[in-house]
Amino acid sequence: MCGIVAAAAGKNIVPVLVEGLKKLEYRGYDSAGLAVISGASIERVRSVGRVAELEIGSANTQSVTGIAHTRWATHGVPSERNAHPHVSGSIAVVHNGIIENYESLRRDLTAQGYVFTSDTDTESIAHLLEATLKREPDLFKAVQITCRQLVGAYAIAVIDHSQPGKVIVAREGSPLLLGVSDTGNYAASDASALLQVTRNMVYLENGDIAELTATSVKITRLDGTPVERPVHVSQLSAAAVELGNYQHYMQKEIFEQPEALANTLEIVGGSKSIQPGIFGADAANLMADVDSILILACGTSSHSGFTARYWLEAIAGVTCNVEIASEYRYRTSVANPRQLIVAISQSGETADTLAALRHAKSLGQMKTLAICNVPESAIVRECALRFITRAGPEIGVASTKAFTTQLAALFLLTLVMAKVKERLTPGQESVYIDQLRHLPVAVNKVLELESDIEVWAKRFADKHHALFLGRGRHYPIAMEGALKLKEISYIHAEAYPAGELKHGPLALVDADMPVISIAPNDQLLDKLKSNLKEVQARGGELYVFADADSEMAESEGVHVLRLPEHYGELSPILHVIPLQLLSYHVALVKGTDVDKPRNLAKSVTVE
Ligand code: G6P
């Protein structure tokens, strides 16, 4: 999704803007641009495609004040004229979000004589601000007045060549933070873009507006009331967002899973027992009379929720429903104040998940828990309880390590709920905790399957469809496998609970439709084998991920890879890993843009 970088410093900031945009590339974008103050004018460079092209285009540009943007098309096709920054008179604006009243603004501004050169909602902000500056020449105040007329979600950054040396930024709904330092002050959509210049971050609240110069930062509310926001020292390591020896971020992130899981589970420490307090100081109190759980999430995060449902009902005996956030927020549901709302999100900024959480709260559902990878994100800040997965920054659009760490967090939630409901003996608890602790080692062993999976991947290159089968708690893992394959290799893939095969999808099975099956050695294995026979009988090509001790033989049209050990309840965490590797290697064979698949964004901050 769109990314913003802005800078006011004592030296040339163009390399900082470009480097910042590169760090935001992972969010997904289709065009990029920057604008700087150059003498008595604005110098603007825009390009469709990669930031690398913008870098070439701006190689001779120099300035101490500027704004930059990666655009993910919403209003108007990806094109140079729709790329940000948008200019009106002496000002230039970049914007992330959606302005809902842009049509009426556009009508009014056109009537006033402004000529629009793009199809974007953002250009309305530029002209509205230019019109406002005629009445209120102070840029900071003019942006305050302008923002008060905007309806929707936005993060914006503005420069004005008639008031050089300053950048004004504002946020309402879309992420924006400041990076402050002795040599300059900066703003960006997330911290990774600014680690190159500072670790000192200031998170703006919705309705904040800030004026940055090389030596000062002033923050007010939109009505001009001054506010103080604390400086956080970012713990993100710059190395965490470097590619290192890997070919792609997705590959790096798949291989970081043992460490990400170890970091996430560190909270359990050396203890044989876990306490509700790992979800927040008030957790024991808040969870005491919880009678059910509702999980809200989108995309991959929803798949971790669907998996957890099996755990929560089987181990903790707590009714659990999972809803896609974009559906829940708009349907009429029955509110239950005793229900625990669990919002799962890697980024913590997904617009639909945030809106679903707010919707639940508006219905009086105040028991809320965020499971999230970004500590300072909106979803974390708006929940009563929190669990921060410690996966580190996830750059690849296709989520991998965020997913497995979410699963680990949800298993901890299961154990805590089971304790609260008195369904867990100390002995069982200690066995589960030992299994959790062993997870990083177990995942490492699964990663050793990579070369075998590479061989399989070659057979998928000419396929247009694939079917993923799983049963029980591995059905959501099949869903995640299908999502990964379609996201990055553009092969149409669907997941089915294997028992449903004969109720429709079997009609599709032939030699051109590979069927990938998750076949752990659990109580459903024999039933699954019967389902697989149905596929085999129709000439389907089967790719089976079994456990070391599963009785699954290779035969004509049946390929079997074995995971090193059977992992009981936690088996979904191991079984998703070969599916991540499979889609990664299929994408490599197909030559797609693995980390930035077409049309997709990492962090979907608009509806
Ligand atoms: C986008 C990403 C997915 C992600 C989903 C939810 O669609 O491309 O990888 O699963 O958003 O994101 P969240 O940050 O809320 O987990």
Side-chain angles (χ1 to χ4, degrees), residues 1-3 24-30 72 74 173-175 189-190 192 248-250 253-254 260 264 295-308 322-329 341-358 369-383 386-389 391-410 476-477 479-490 576 579-580 583-584 587 592-607:
M1 195 105 302
C2 310
L24 296 179
E25 280 190 301
Y26 77 91
R27 297 162 68 91
Y29 70 104
D30 43 52
W72 195 72
T74 53
S174 299
S189 304
D190 74 39
S192 63
H248 295 96
Y249 283 109
M250 183 181 180
E253 287 155 8
I254 290 172
T264 300
I295 294 177
L296 303 171
C298 302
T300 289
S301 295
S302 74
H303 295 158
S304 69
F306 284 115
T307 312
V322 187
E323 286 209 43
I324 299 296
S326 55
E327 285 295 308
Y328 172 75
R329 64 182 287 195
I341 301 289
V342 181
I344 309 175
S345 173
Q346 185 285 127
S347 62
E349 302 289 348
T350 299
D352 282 322
T353 309
L354 185 57
L357 170 67
R358 288 179 179 158
L369 163 67
I371 293 184
C372 189
N373 197 35
V374 181
E376 301 89 358
S377 60
I379 288 174
V380 172
R381 281 185 273 127
E382 295 193 21
C383 280
R386 70 210 41 202
F387 186 95
I388 306 301
T389 51
E394 192 180 65
I395 309 292
V397 166
S399 185
T400 52
K401 61 178 181 170
F403 179 69
T404 42
T405 53
Q406 283 167 357
L407 288 175
L410 287 159
I477 298 304
M479 291 160 75
E480 176 59 7
L483 177 64
K484 287 283 88 79
L485 192 69
K486 72 184 124 189
E487 276 179 317
I488 61 165
S489 75
Y490 314 149
V576 75
L579 305 185
Q580 297 168 343
S583 50
Y584 173 70
T592 56
D593 194 345
V594 173
D595 286 331
K596 300 178 210 82
R598 68 184 181 204
N599 307 339
L600 298 180
K602 179 72 184 163
S603 176
V604 183
T605 51
V606 294
E607 197 178 338

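If you read the sequence from its start, that first residue is 1, and numbering goes on from there. Order of appearance sets the numbers: ligands from 1, and atoms from 1 within every ligand.
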For [atom], what is the closest protein heavy atom, and at what distance to 0.1 Å?
| atom | value |
| --- | --- |
| atom 9 (O) of ligand 1 | Val397 O, 3.0 Å |
| atom 11 (O) of ligand 1 | Lys602 O, 3.9 Å |
| atom 6 (C) of ligand 1 | Cys298 O, 3.5 Å |
| atom 12 (O) of ligand 1 | Thr350 OG1, 3.3 Å |
| atom 10 (O) of ligand 1 | Thr300 N, 3.0 Å |

Distance-only polar pair, side chains of Thr300 and Glu480, donor-acceptor under 3.5 Å: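 Yes, a side-chain donor-acceptor pair sits under 3.5 Å.
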Modelled atom types, side-chain donor and acceptor of Glu487 and Ser583, under 3.5 Å: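 No, no side-chain donor-acceptor contact under 3.5 Å.
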Heavy atom of Val604, distance to ligand 1 below 4.0 Å: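 It does; at least one heavy atom falls under 4.0 Å.
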Ligand 1 contacted by Ala601 (non-hydrogen, < 4.0 Å):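 It does, in that a heavy atom of Ala601 comes within the 4.0 Å cut-off of ligand 1.
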Region of Glu349 that comes within reach of ligand 1 [heavy atoms, distance under 4.0 Å]: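 Within the 4.0 Å criterion, Glu349 makes no contact with ligand 1.
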Ser345: numbered ligand 1 atoms lying under 4.0 Å from its heavy atoms: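 Those qualifying, in numeric order: 13 (P), 14 (O), 15 (O), 16 (O).
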For Gln346, atoms of ligand 1 separated by under 4.0 Å from a heavy atom: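 Here the atoms of ligand 1 in question are 13 (P), 14 (O), 15 (O), 16 (O).
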Test item: Gln580 side-chain N/O and Ile254 main-chain N/O as donor-acceptor pair under 3.5 Å: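 Not at all, since once roles are kept as given, no pair shorter than 3.5 Å links the two residues.
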Backbone of Arg598 reached by a side-chain donor or acceptor of Tyr490 within 3.5 Å: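 Between the backbone of Arg598 and the side chain of Tyr490 there is a qualifying donor-acceptor contact (under 3.5 Å).
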Smallest separation among heavy atoms of Pro175 and Ser189, with atom names: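 That would be CB-O, 3.7 Å.
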Contact summary for Met250 and Tyr584, nearest pair of heavy atoms: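 Between these two residues, the closest heavy atoms are SD-CD1, 4.1 Å.
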Salt bridge present between Glu382 and Arg358 (N-O < 4.0 angstrom):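 Salt bridge: yes.
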